[in-house]
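Have a look at the structure below before the remarks.
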Amino acid sequence: MQKYIMAIDQGTTSTRAILFDRESNIMGIAQKELENYYPKPGWVEQNANDIWASSVGVMVEVLAKTGIMDSQVAAIGITNQRETTVIWDKKTGVPIYNAIVWQSRQSDSYCENLKKQGLEHFIKKKTGLLLDPYFSASKIRYILDHVEGAQERAEKGELLFGTMDTWLLWKMTKGKKHVSDVSNVSRTMLMNLETLQYDEELLNLWNIPRCMLPEIRSTSEIYGFTEGLFDCKIPIASLVGDQQAALFGQTCFEAGNVKNTYGTGCFLLMNTKNKIIHSNNGLITCVGWKIDGVCDYVLEGSVFIAGAAIQWLRDGIALIGKSSESEQRATSVSSCNGVYVVPSFTGLGAPYWKPQAKGGILGLTRGTTQNHIIRATVESLAYQTSDVVSAMEEDSGLKIEKMLVDGGASKNNFLLQFQSDILNTEVIRSKTSETTALGAAYLAGLAVKYWKSVDEIKEQFQVSQVFQPSMNEVLREQRIKGWKKAVDAIISF
């Protein structure tokens, strides 16, 4: 009987289940959209029970659509939006507050307070992370402070914390396993990057009880089995943050390998193997994955708004009817006509880290049309990536000769050609755009010996299209200079 690997890709805007065969082919996909809530400007929340329900729904649906039986699923891998924080009652499983999404800035005041105490360097040295509300620690602190009695209950061991991987594993095992992997825990701001364990000084700094935190495990191992979801028990064999999963799915196994994911945000990661590189240019350092006791580290630049800027064109200001229209509308004009869009709707991420920054459209004239604004919005994804690449090259001392890309917006040929032009670098789109889910599937498959080694996995990588730079140097420098002026204007606003 043929076996398959199921990957759960729990993202910011949707949850998907994807079935892969041994040759990395997609056998079926099921997807459910998720609702985001915006209680105040800059705040982003989700209903954790909706996330769980969507996960159950897509798992059942993908099996029904493909006709594949649950007994044919060799393992399940979970990859997830990182940092998004939920705290729930250990006995009832009921969340005590909405999940606070990674994009949300509602815990900014906690970070600002610690910055005033001069603790940025202390935290960065231990965790590799910048002191920003992006990460989980301040979100945990916010919930414990804003739900009556939560701190006391947490200290009594009545409450549990998890990022989405932990939440889904706990629900899938009916509360038997409260576990996370090093890739996700390295994003909480509570783990020491060298010891790969929770740091007591950090726990005391944030006043977060150790008993509410999940056990830290490797990225590829059997954590437990599904309980009551299917007729048989299926091993859950990988937990991995979505960007690290995409790096693995792109087979970036060597030092200096780089990938960029154009998702809700934009995430550029470089594998640095066993070397911890502390950035001097606004990047962050975290764990890529840990397999068989060996840990790979990564250098990462995070852009908060990427594909979400295209959604804003569609849902926010109704310039397009569907996201796929953005390419045709962008190429209907020969240039952006001097217009720059800086989509810092939830602050500026790497390499600027300006959480209070607002978005803006600059360079408007009477001749500006909708298509110029659409083109400038698409171009903003490439400019933001270019900023991160420059920082990454300086930190690592390596010239990035090629960049592997994935994510929804990577289907946009105009974007990838413009990206190649602005970077003056080869941009490679892989055959499957589902590299995040594929990475989780690979890691789960390795744990159950579905695939024997990373060498076997690497042989399966296939290129879809290669984009070569064609923009002349004078125009490239002119366009980048204009972008930097636009960013400076936004920061000073």
Side-chain angles (χ1 to χ4, degrees), residues 11-13 42 44 79-85 100-105 107-108 111 120 123-124 127-139 163-164 183-184 186-189 193 240-247 252 258-272 277-288 297-309 342-357 359 380-396 400 403 405-410 419 436 487:
T12 314
T13 55
V44 190
T79 181
N80 55 288
Q81 53 170 317
R82 304 169 302 173
E83 301 94 22
T84 295
T85 294
I100 301 181
V101 177
W102 58 273
Q103 296 166 309
S104 189
R105 318 305 290 174
S107 57
D108 188 33
C111 297
E120 284 181 275
I123 288 173
K124 188 170 186 290
T127 67
L129 308 176
L130 297 172
L131 185 47
D132 190 87
Y134 180 18
F135 305 105
S136 304
S138 66
K139 301 180 193 298
T163 43
M164 290 304 103
S183 76
N184 277 295
S186 73
R187 313 286 298 192
T188 62
M189 204 175 274
L193 206 53
V240 58
D242 53 7
Q243 302 314 318
Q244 292 96 323
L247 190 71
C252 292
V258 172
K259 74 89 198 173
N260 191 33
T261 296
Y262 302 91
T264 302
C266 212
F267 301 91
L268 190 71
L269 273 70
M270 173 187 282
N271 189 336
T272 63
I277 297 176
H278 285 284
S279 173
N280 296 314
N281 295 283
L283 304 184
I284 55 180
T285 311
C286 60
V287 174
Y297 292 93
V298 299
L299 196 59
E300 175 177 330
S302 309
V303 172
F304 295 151
I305 299 292
V342 184
S344 43
F345 306 137
T346 55
L348 278 170
Y352 304 102
W353 294 99
K354 299 290 183 182
Q356 288 83 23
S380 74
L381 278 63
Y383 285 126
Q384 291 180 102
T385 298
S386 175
D387 288 339
V388 176
V389 166
S390 297
M392 193 167 278
E393 288 181 334
E394 190 168 334
D395 281 330
S396 66
I400 295 173
M403 186 170 73
V405 298
D406 55 65
S410 70
Q419 184 72 83
T436 302
V487 172

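Note that the structure is predicted; figures quoted are calculated from it, not measured. Keep in mind that the numbers below use all heavy atoms, side chains included, and drop hydrogens, waters and symmetry copies.
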The single option from L247, V298, V258 passing side-chain contact (heavy atoms from CB on, under 4.5 Å) against L268: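 It is V258; the other options fail the test.
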
Are [X] and [Y] side-chain neighbours, meaning at least one heavy-atom pair lies under 4.5 Å?
{"X": "V287", "Y": "Y297", "answer": "yes"}
{"X": "L283", "Y": "M270", "answer": "no"}
{"X": "E83", "Y": "T163", "answer": "no"}

For the residue pair L131 and E120, what are the closest heavy atoms and their distance? CD2-CG, 3.8 Å

Of all heavy-atom pairs between G11 and Q81, which one has the smallest distance, and what is that distance?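 Heavy atoms only, the tightest pair is O-NE2, 3.3 Å.
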
Name of the residue among Y262, F304, W102 meeting ring pair (Phe, Tyr, Trp, His ring centres under 6.0 Å) with F267: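 Answer after filtering Y262, F304, W102: W102.
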
Candidates R82, K259, E300 - the one meeting side chain to side chain donor-acceptor pair (under 3.5 Å) with Q243: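 The side chain to side chain donor-acceptor pair (under 3.5 Å) with Q243 is passed solely by K259 among R82, K259, E300.
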
With no hydrogens and no angle check, just 3.5 Å: does a side-chain donor-acceptor pair link [X] and [Y]?
{"X": "D406", "Y": "T261", "answer": "yes"}
{"X": "E394", "Y": "N280", "answer": "no"}
{"X": "D242", "Y": "T436", "answer": "no"}

Mind checking salt bridge (charged side-chain N to carboxylate O under 4.0 Å, His left out) for E393 and listing every partner two or more places apart, or none if nothing turns up?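 For E393 the salt bridge (charged side-chain N to carboxylate O under 4.0 Å, His left out) partners, ignoring immediate neighbours, are K399.
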
With a cut-off of 3.5 Å and sequence neighbours excluded, list every side-chain donor-acceptor pair involving residues 342-354.
unit_1	atom_1	unit_2	atom_2	d
S344	OG	K358	O	2.8
Y352	OH	D387	OD2	2.8
W353	NE1	G282	O	2.5

